[in-house]
Participant: 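One structure, pasted below without further comment.
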Number of protein chains: 2
Amino acid sequence: MARGAAGTETRKTRSDAVENRRRILEVAREEFARSGVEGTSMHRIGRAAGVGQGTLYRHFEHKGALCSALLSEEIGAFVGEMQRRTEGRGPALGRLKWFLGWVARFNEENGPLLGAIRDASSGGRRVELYGNPFYERLRNTVVELLDEAVGEGEISPELDVECLADMFLAALNIDLYLYQRHQLGMERERIMGALRSLLDSLRVRV
Amino acid sequence: MARGAAGTETRKTRSDAVENRRRILEVAREEFARSGVEGTSMHRIGRAAGVGQGTLYRHFEHKGALCSALLSEEIGAFVGEMQRRTEGRGPALGRLKWFLGWVARFNEENGPLLGAIRDASSGGRRVELYGNPFYERLRNTVVELLDEAVGEGEISPELDVECLADMFLAALNIDLYLYQRHQLGMERERIMGALRSLLDSLRVRV
DNA sequence: GAATAAAACGGAGAAATGTCCGTATGTAGA
DNA sequence: TCTACATACGGACATTTCTCCGTTTTATTC
C-alpha cells in the first residue's frame, strides 16, 4: 500500500491472454456453427483453440458465459440498427408495433441459437434472460416509445409504462415464442397480430 | 396380432415398479428440502431410495422430469381449487383478473422453488415452462374465461383469445416475475395493476 | 404351481462441466 | 538486459448427469 495514490494501479493485460481470448471466441463460433451449442464440448473448444481447461475457464466462467459473449457480438449491430430506425417520426404506437415486429423477426432468425444457448448452461448458471445489457436496451426502447405515445395523447397517462414494457416483451419471450411456433403451430404473423391488437386496445378512444 | 381385438392389450404395472416410483418421489422431496435441488445429486437420490441409476432413470427421464413430477403433486390441489373458484358467475373479465392474481400469488409463494427447479436441469433437458399439464390447465382456464368474456360481449369477438391467453400468462412468467420483484423492486400489486389495466383496455367501449 | 415372456432392476462407465494447483511466461522497474 | 513477481497457462481430476446391457423379478397363461 505504498505506491499508487489512487490504489487503482493496473497492469497491462498480458498479450498472450488477449490473443487466447480472441482465439477461443473465434473457435467457439465455428464449432457452434458446425455442431451446435449442445454438440460442442468445452473440452473440444479448448483443444481447438490450443488452450487448456484452466485457461478456457479463466476467460469464461462457464459455458453460458462464453455463449453470452458470443451473442453479445452478434447482437451489437442488430440493436444499433433497430434503435436508429425507431427514432424516426410518426405515431409512437405505430413505431412500437414496428419495433416489436423486429424483435419477433429476431426471434425467428436466432430462435434455435437462443434456445440452445439458454439450454447450454448447467449448475445453476443459466444465461440470464433479464437484467443483461441486451434486455435493458430493448426495454428502454419500449419504455421510450410508450412514453412518447403518452406524450402524444395516444394512450392514457395513467398507464404504468415501465411495467407494460416488460409485459409486451414477455409476449415475445423466446421460450414462449418457440412454444407457440413449434408446439402450437402458430405463424409469426398470427402472434404479431395478437400483440398488435393488444397495443391498439390501449388507444384512448375519442 | 392374434389376441386382443382392440390391440390395446395391457399388462398390470409391476408392483415393485409402483413402489419404487413412490419411494423415489418421497426421498427426492426430502432431499430437495434438506439440501436444495442443486445440492442433491441423482446418485444420492437413487441410493437413498435403494434403487440403482438405471431404475431411477427408467422412472424419470432426467432430473428435470423428477422435479416436474414433484411439482405436479404440489400443484394439483392448487389448480383444482383455482379452477373451481373461477367457475362462479359474474363478469368473466373480473374472474380472469382474480385468476391471474391467484397465479401471481402462486409465483410469490413458490418463486424460489420454481427458480431453483428451472436451474436444476442440465444437458438441454431443462424443466419445460410450456407444454406441460400445469401450463395447459392455466392456459385453458384463461382461454375459457376470455371466450366467456367474448360471449357476454365484454370484449371484441375479433380478438385471438388463444394467443392472448399465452401473452397474459407470459406477463406472469416466473423468470420475468422474479426479475421485476427483485431486480426492479416492483411490488406484486404494481405488477397486477399493470396487468389489470391491460385487461380493462380490452373492453369494448359503448 | 410351473413355464414364459415382458418389464424392471442395478451398477459400471461414457461424457461433460468445472476446479485446483504446480509450472511457465510476459511485464515492469532497475 | 536482468530480475522479480503478478498473471496466466495446462491438464489431471472430482463431480455430475445419463446410458447401456446383462441379470432378475413379476404377471400371466396353461
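Protein chains get the first letters and strands the later ones, always in sequence-line order, with residue 1 at the start of each.
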Participant: Report the distance from atom CE of B:M42 to atom P of D:dT19, rounded to the nearest whole Å.
Facilitator: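 It works out to 10 Å between those atoms.
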Participant: Are any protein N/O atoms closer than 3.5 Å to N/O atoms in nucleotides 4-8 of chain C? If there are, list each pair with its distance.
Facilitator:
{"residue": "C:dA7", "atom": "N3", "partner": "B:R14", "partner atom": "NH1", "Å": "2.5"}
{"residue": "C:dA8", "atom": "OP2", "partner": "B:R58", "partner atom": "NH1", "Å": "2.7"}
{"residue": "C:dA8", "atom": "O4'", "partner": "B:R14", "partner atom": "NH1", "Å": "3.2"}

Participant: For B:Y177 and B:E108: C-alpha separation, side-chain torsions, deciding distance, then whether side chain to side chain donor-acceptor pair (under 3.5 Å) applies.
Facilitator: CA-CA 9 Å; B:Y177 195 83; B:E108 199 74 36; 2.4 Å; yes
Participant: In terms of the nearest nucleotide of DNA chain C, which residue is placed more toward the 5' end: A:G39 or B:G54?
Facilitator: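 Its nucleotide being nearer the 5' end, the pick is B:G54.
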Participant: Treating A:T141 as the side-chain partner and A:R137 as the backbone partner, does any N or O pair qualify as donor plus acceptor under 3.5 Å?
Facilitator: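 Yes, the answer is positive, given that a donor and an acceptor are paired below the 3.5 Å cut-off.
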Participant: D:dT15, OP1 or OP2 - any side-chain N/O from B:S41 closer than 4.0 Å?
Facilitator: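 Checking B:S41 against D:dT15: no side-chain N or O falls below 4.0 Å of OP1 or OP2.
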Participant: Could you tell me the separation between the CD atom of B:E38 and the C1' atom of C:dT17, rounded to a whole number of Å?
Facilitator: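 Whole-Å distance recorded here is 13 Å.
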Participant: Tell me: OH of B:Y57 to C1' of C:dG11, nearest whole Å?
Facilitator: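 Answer to the nearest Å: 13 Å.
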Participant: Would you say the side-chain atoms of B:S197 pair up with the backbone N or O of A:L159, donor to acceptor, closer than 3.5 Å?
Facilitator: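 Between the backbone of A:L159 and the side chain of B:S197 there is no qualifying donor-acceptor contact (under 3.5 Å).
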Participant: Quick one: do B:E144 and B:R95 make a salt bridge, cutoff under 4.0 Å?
Facilitator: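 Salt bridge absent between B:E144 and B:R95.
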Participant: Ring-plane angle category for A:Y135 and A:Y130, please: parallel below 30°, perpendicular beyond 60°, tilted otherwise.
Facilitator: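 It falls in the perpendicular class, over 60°.
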Participant: Nearest whole Å is fine: how far is D:dT19 P from B:L56 CG?
Facilitator: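 Distance check: B:L56 CG to D:dT19 P gives 12 Å.
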Participant: By nearest heavy atom, map B:S15 and B:T40 onto DNA chain D; which one lands nearer the 5' end?
Facilitator: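 Upstream on the strand: B:T40.
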Participant: Round to the nearest Å and state the distance from B:H43 atom NE2 to C:dA15 atom P.
Facilitator: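 My rounded result for the distance is 18 Å.
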Participant: Can a side chain N or O of A:K63 be found less than 4.0 Å away from OP1 or OP2 on C:dT17?
Facilitator: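 Yes, A:K63 has a side-chain N/O under 4.0 Å of OP1/OP2 on C:dT17.
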Participant: Rounded to the nearest angstrom, tell me the gap between atom CD1 in A:I45 and atom C1' in D:dG11.
Facilitator: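 Roughly 17 Å, once rounded to whole Å.
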Participant: If I take atom CD in residue B:E61 and atom P in nucleotide D:dC18, what distance separates them, rounded to the nearest angstrom?
Facilitator: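 After rounding, the reported distance stands at 9 Å.
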Participant: Heavy-atom distance under 4.5 Å between the side chains of B:L199 and B:L100, does that happen here?
Facilitator: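 B:L199 reaches B:L100 side chain to side chain.
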Participant: For the side chain of B:Q53, counting heavy atoms from C-beta on, which of D:dA12, C:dA12, C:dG10 is nearest?
Facilitator: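 Selected nucleotide: C:dA12.
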Participant: Please report the distance, rounded to the nearest Å, between CZ in A:F60 and P in D:dA8.
Facilitator: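 My rounded result for the distance is 13 Å.
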Participant: Considering only side-chain heavy atoms of A:K12, which listed nucleotide, C:dG18, C:dT27, D:dC18, is closest?
Facilitator: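 Nearest listed nucleotide: C:dT27.
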Participant: Quick check on A:R29: does its CZ atom have over 12 non-hydrogen neighbours (other residues, nucleotides or ligands) under 6.0 Å away?
Facilitator: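 Atom CZ in A:R29 is packed in, count exceeds 12.
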